[in-house]
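Treat the numbers as computed from the prediction; the structure is a model and nothing was measured.
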There are 2 protein chains.
Amino acid sequence: MANGLPDSGGNRANGRAPSEGAVPVGADRELPVLDLEPGRPAPVRERADAARNRMRVLKAAEKLFAETDARHVTMDEIAKAAGVGRATLYRRYPDPASIATALLDEHERQVQEHILSGPPPLGPGASPADRLAAFHVAMTDLLERHLHLVLGAETGSARFGTGAYRFWRLHVRMLLTEAGVPDPDAMTDAVLAPLAPEVYQFQRHTLGLSQARVTEALVWSARRLAGHDPGRA
Amino acid sequence: MANGLPDSGGNRANGRAPSEGAVPVGADRELPVLDLEPGRPAPVRERADAARNRMRVLKAAEKLFAETDARHVTMDEIAKAAGVGRATLYRRYPDPASIATALLDEHERQVQEHILSGPPPLGPGASPADRLAAFHVAMTDLLERHLHLVLGAETGSARFGTGAYRFWRLHVRMLLTEAGVPDPDAMTDAVLAPLAPEVYQFQRHTLGLSQARVTEALVWSARRLAGHDPGRA
DNA sequence: CGAGAACCGGACATGGTGTCCATATGGCTG
DNA sequence: CAGCCATATGGACACCATGTCCGGTTCTCG
């Protein structure tokens with residue numbers, strides 16, 4: 001997975017607000033995430049040792065996020081596990097969340113591409129209700145497979161600063177608009193809210209619900225909200 | 001507000017899970033929150049200086065939560081602002097969240113009482129759809145008035161450990177069941193998710209939506225989900 | 001093959017956490 | 001009313017995590 005130079009260029013600047021304003025570092029890339037250039041060869045050619053270390057870091061972080069509570073993974077631990085110094089880590093990533101984001105990036109991008117140009121019902125062509133339902137299926141699938149990373153990357157309010165969230169938001173807003181839902185701007189975040197990683201974790205692991213039940217509940221609710229409405233109030 | 005000895009007895013033990021299991025301190029009180037005994041006079045009589053200090057702490061914390069980002073309020077700041085030592089704070093509250101919880105407690109309790117025995121549509125007597133709609137109105141009202149406290153108390157996954165959440169969950173689950181919604185256990189948390197303080201804050205202050213729009217979107221969606229369904233799938 | 005740039009990681013300063021213990025204070029009893 | 005004991009108090013301590021800096025090392029290009 002971490003073989004396609006996932007972040008050599010500048011995709012760590014995807015919008016997490018560290019604390020108060022003050023644009024982090026490289027505030028180019030205004031696009032949500034989405035920047036479909038398969039393999040641009042990095043601005044100045046990455047040094048071999050740097051690449052090797054980045055891979056080690058990514059691999060170690062992946063492991064840590066998976067094996068321990070992703071929300072309490074620390075830069076120190078990652079550095080130790082990867083066998084590099086902390087400063088080396090900070091050179092590339094400002095915090096654990098951005099490492100999780102880097103690991104998550106390609107998976108999210110994949111879903112995004114399917115949404116934009118894949119086959120229906122996830123891609124264009126189906127009815128808004130069907131697309132919204134398919135979106136929920138895809139998202140719960142993503143959550144199920146990479147929950148630890150999502151917990152590491154998009155917890156709490158950080159979620160809303162993510163480039164990924166901007167993308168999901170745009171998409172859902174469009175679907176709700178097409179479906180004729182009253183106030184799409186206000187509805188969108190309500191529709192997206194159950195996909196917060198904390199909610200999914202609570203349902204799956206505290207409540208013990210199966211993935212299928214969670215997914216089906218969301219699908220049902222998607223259809224109910226965006227489906228043809230035979231005379232609503 | 002903080003005049004009725006809001007927490008002299010033992011309501012700080014309302015279920016926040018600090019990190020990993022290990023029941024905090026006073027694991028009596030298994031009830032959600034709800035413990036309607038107007039003014040039981042505290043186990044052993046609280047010392048006067050203790051009472052005075054607790055009031056000072058509560059007042060200072062309230063101010064801090066309101067004036068600065070509630071999620072970054074620290075025990076140190078509260079102690080300094082209240083003019084007491086840190087250890088004094090720790091004696092009563094394990095972390096800032098539990099202080100926010102204490103401040104929030106009576107407001108939430110009030111809503112809970114209205115739900116249990118107030119007039120319809122919030123209280124018993126109305127249709128499930130109407131009650132769910134009224135619930136959302138009451139909740140957004142609570143969020144609007146005390147967002148800073150909720151952000152301090154129920155952020156991220158902490159929300160789910162709260163006694164309050166258990167109560168809301170029970171109530172919504174019942175309404176959804178009555179309304180004939182398919183899998184209430186899975187639906188409930190999806191319905192509750194948009195009421196997470198981070199979501200509300202994002203809608204109100206990042207997006208700039210009015211309270212009315214947010215509320216109405218939730219009300220619409222509540223009716224849509226729990227309303228009479230002319231032949232659902 | 002050598003010079004310069006990029007990278008590395010140990011060390012430092014800072015700030016928050018949670019706990020301990022000697023001291024001060026309040027409430028009860030004789 | 002005085003004295004005692006339990007409780008409350010807060011300064012100090014040890015720990016952990018964060019970010020940053022700088023001297024030394026390693027790579028790449030000419």
To the nearest Å, how far apart are [X] [atom1] and [N] [atom2]?
X       : N      : atom1 : atom2 : value
A/Arg54 : C/dC8  : CZ    : P     : 10 Å
A/Asn53 : D/dC27 : CG    : P     : 11 Å
A/Leu89 : C/dC7  : CG    : P     : 14 Å
B/Ile99 : C/dT17 : CD1   : P     : 10 Å
B/Arg91 : C/dT23 : CZ    : C1'   : 13 Å
B/Ile78 : C/dT17 : CD1   : C1'   : 13 Å
A/Arg56 : C/dC8  : CZ    : P     : 9 Å
B/Lys80 : D/dG10 : NZ    : C1'   : 11 Å

- [ ] Would you mind telling me which of C/dG18, D/dT18, D/dG10 lies closest to the side-chain atoms of A/Tyr90?
- [x] D/dT18
Open item on the list: At less than 4.0 Å, is any side-chain N or O atom of A/Thr88 found next to OP1 or OP2 of C/dG9? Yes or no.
Closed with: yes
- [ ] Compare side-chain N and O positions of B/Arg92 against OP1 and OP2 of D/dT9 and report whether any pair is under 4.0 Å apart.
- [x] yes
Task: B/His107 and B/His146 aromatic ring geometry - parallel, tilted or perpendicular at 30°/60° bounds - done: parallel
Open item on the list: Regarding D/dG19, can its base be found pairing with the side chain of A/Arg86 as donor and acceptor, where the two atoms are less than 3.5 Å apart?
Closed with: yes
Return the minimal non-hydrogen interatomic distance between [X] and [Y], and the atom names on each side.
X        : Y        : value
A/Pro96  : A/Phe65  : O-CZ, 3.6 Å
A/Ala158 : A/Ala153 : CB-O, 4.4 Å
A/Gln112 : A/Ala164 : NE2-CA, 4.2 Å
A/His72  : A/Glu77  : O-OE1, 3.7 Å

Open item on the list: Determine whether A/Arg169 and A/Asp185 satisfy the following criterion, side-chain contact (heavy atoms from CB on, under 4.5 Å), listing intermediate values before the conclusion.
Closed with: CA-CA 9 Å; A/Arg169 191 166 197 293; A/Asp185 270 310; 4.1 Å; yes
Pull out every protein N or O sitting under 3.5 Å from an N or O of nucleotides 15-17 of chain D, one pair per line with the distance.
{"from": "D/dA17", "atom 1": "O3'", "to": "A/Thr74", "atom 2": "OG1", "distance (Å)": "3.3"}

TODO: Could you say whether B/Gly83 or A/Val73 is positioned toward the 5' end of DNA chain D, judged by the nucleotide with the nearest heavy atom to each?
DONE: B/Gly83
TODO: Keeping the roles fixed (side chain from A/Thr162, backbone from A/Tyr165), state whether a donor-acceptor pair exists under 3.5 Å.
DONE: no
Open item on the list: Applying a 4.0 Å non-hydrogen cut-off, can you work out what A/Ala87 is touching in the nucleic acid: base, sugar-phosphate, or nothing?
Closed with: base
